[in-house]
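Proteins come first, then strands; the chains are lettered A, B, ... in the order of their sequence lines, and each starts at number 1.
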Number of protein chains: 2
Amino acid sequence: MSNEPATEPRWLDDEEQHAWQAYLHATTLLEDHLDRQLQRDAGMPHVYYGLLVQLSRAPRRRMRMTELAQNAKITRSRLSHAVARLEKNGWVRRENCASDKRGQNAYLTDEGLRVLEKAAPGHVNAVRAAIFDRLTPEQIGQLDEICCMIADGLQPQGADLPWLR
Amino acid sequence: MSNEPATEPRWLDDEEQHAWQAYLHATTLLEDHLDRQLQRDAGMPHVYYGLLVQLSRAPRRRMRMTELAQNAKITRSRLSHAVARLEKNGWVRRENCASDKRGQNAYLTDEGLRVLEKAAPGHVNAVRAAIFDRLTPEQIGQLDEICCMIADGLQPQGADLPWLR
DNA sequence: GCTTTATTGTTAAATATTCAATAACTCTCG
DNA sequence: CGAGAGTTATTGAATATTTAACAATAAAGC
């Protein structure tokens, strides 16, 4: 038996190559841009802001840690660290879950909500300026479909991250 | 004069909201997926792999630090750290630039090239499986255009990062 | 030439993320 | 019930990234 790759891999053709390059540039630049914008205006990175948003939309502004991690597409470990930091800021707190003694709920404090509300307008502006004001409605629809397709393929089961593989 | 926002910000409508969510999910999941894939198969994160690719394509497999940083869309500082690590692995080395005494070239070693060649097939597979095999040719074209549009808006001038703002 | 300004690349320290291990708890099923 | 297997969340250590400051050199303006 051989451990050679069964066949020469199918390399990307020119169109694919170009699209892949463009994708990498756009996503890197955008994430960077939003991270800076939020760090400057709200004192936290983009991912942390996303956590506050999730909590703000949840019933009673609270959510199980695992569920929050799933929604935000990050590992539980990363979430633990992040919440620890947000807790230090007084923007989030933890409480024991009634129905499962292992569980924790994270909830958004009033102060956290204020911070979020103050940051939101600037953030939407940044997102608009970077994306939605630069694309046609058709393109927005296309982007949506493309992203859903990609995300769907990546959701399934895995190791520490049933969802992250 | 007031420091109120001049007007209520234009929030995202339903389509935009949905597309934005999808975008965040897709990009987060994908970057995570590729990071793990490359960490497992090649012992380095995705960004570092991208640096090796850039170098491999450059004349004489070498490039000025600043140019490399620009192409990869990362800060010079980040690149310095990354190259330091890659140098420890023996995959990249630095040399003084002849024409500018401040300058440094990074170049890909033979060993670095071997590592890259060994990792490339698996990486292309992962990229294909996650994106290109799941999209129609039209969608690939759309993705390309959309990403170029976004990247264009983010290239301009700035602080430590003339290109990163 | 000489002074001022800009560029290049690095560094230390603060922050964030990953990875592997762990404690505590719940669930399954014989 | 109770053993084994799975889930929940956290932790420490290793790694990576950001930020601000810096030294060295180059370029521009006079």
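Comparing A:Tyr48 and B:Arg78 against DNA chain C, the residue whose closest nucleotide sits nearer the 5' end is B:Arg78. Place A:Arg102 and A:Leu79 on DNA chain D by their nearest nucleotides, and A:Arg102 ends up nearer the 5' end.
The nucleotide whose nearest atom lies closest to any side-chain atom of A:Arg36 is, among D:dA16, D:dT19, C:dT10, D:dT19. Comparing D:dA9, D:dA16, C:dT11 by their closest approach to the side chain of B:Ser80 singles out C:dT11. When the nucleotides C:dT18, D:dT8, C:dC25 are ranked by their closest atom to the side chain of A:Thr66, D:dT8 comes out on top. Checking D:dT18, C:dC19, D:dT8 against every side-chain atom of B:Gln39, the shortest atom distance belongs to C:dC19. Among the nucleotides D:dA9, D:dT11, C:dT8, the one closest to any side-chain atom of A:His81 is D:dT11. Considering only the side chain of B:Gln104, C:dT10 comes nearest among C:dT26, C:dT18, C:dT10. Nearest to the side-chain atoms of A:Val47 among the listed nucleotides D:dA16, C:dT17, D:dA26 stands C:dT17. Of the listed nucleotides (C:dT18, C:dC25, D:dA9), D:dA9 has the atom at the smallest distance from the side chain of A:Arg64. When distances are taken from the side chain of B:Met65 to each of C:dG9, D:dT10, D:dA26, the shortest belongs to C:dG9. When each of D:dA16, C:dT8, C:dC25 is scored by its nearest atom to the side-chain atoms of A:Lys101, the top-ranked nucleotide is C:dC25.
When the C1' atom of D:dT15 is taken as reference, atom CG of B:Leu38 falls 16 Å away, rounded to whole Å. B:Glu95 has its CD atom 15 Å from the C1' atom of C:dG9, to the nearest Å. Across the protein-nucleic acid pair, B:His46 atom NE2 and D:dT17 atom P stand 12 Å apart, rounded to whole Å. Rounding to whole angstrom units, CE of residue B:Met44 and C1' of C:dT18 are separated by 17 Å. Whole-Å rounding puts the A:Arg76 CZ to C:dA16 C1' distance at 20 Å. The interatomic distance linking A:Gln70 (CD) with D:dT7 (C1') rounds to 12 Å, in whole Å. Atom-to-atom, CZ of B:Arg85 to C1' of C:dT10 comes out at 19 Å; the value is rounded to the nearest Å. A straight line from CD1 of B:Ile74 to P of D:dT19 spans 14 Å, rounded to a whole angstrom.
Among the heavy atoms of the strands lying under 4.0 Å from B:Asp100 are primed sugar atoms or P, OP1, OP2 only; no base atom is included.
More than 12 heavy-atom neighbours from other residues, nucleotides or ligands sit within 6.0 angstrom of CD on B:Gln139. Counting heavy-atom neighbours within 6.0 Å of B:Glu31 CD, excluding the residue itself, gives a total above 12.
Contact annotation: side chain of A:Ser77 to base of C:dC19, donor-acceptor pair present below 3.5 Å.
Not one side-chain nitrogen or oxygen of A:Arg94 sits closer than 4.0 Å to the OP1 or OP2 atom of D:dA9.
In summary, the side chains of A:Thr136 and A:Glu138 do present a donor paired with an acceptor at a separation below 3.5 Å, with no hydrogens or angles considered. No side-chain N or O of A:His46 forms a donor-acceptor pair with one of A:Asp35 less than 3.5 Å apart. Looking only at atom types and distance, the side chain of B:Asp13 has no donor-acceptor partner in the side chain of B:Gln17 under 3.5 Å away.
A salt bridge is defined here as a Lys NZ or Arg NE, NH1 or NH2 lying under 4.0 Å from an Asp or Glu carboxylate O, and B:Arg114 with B:Asp110 fails to meet this definition.
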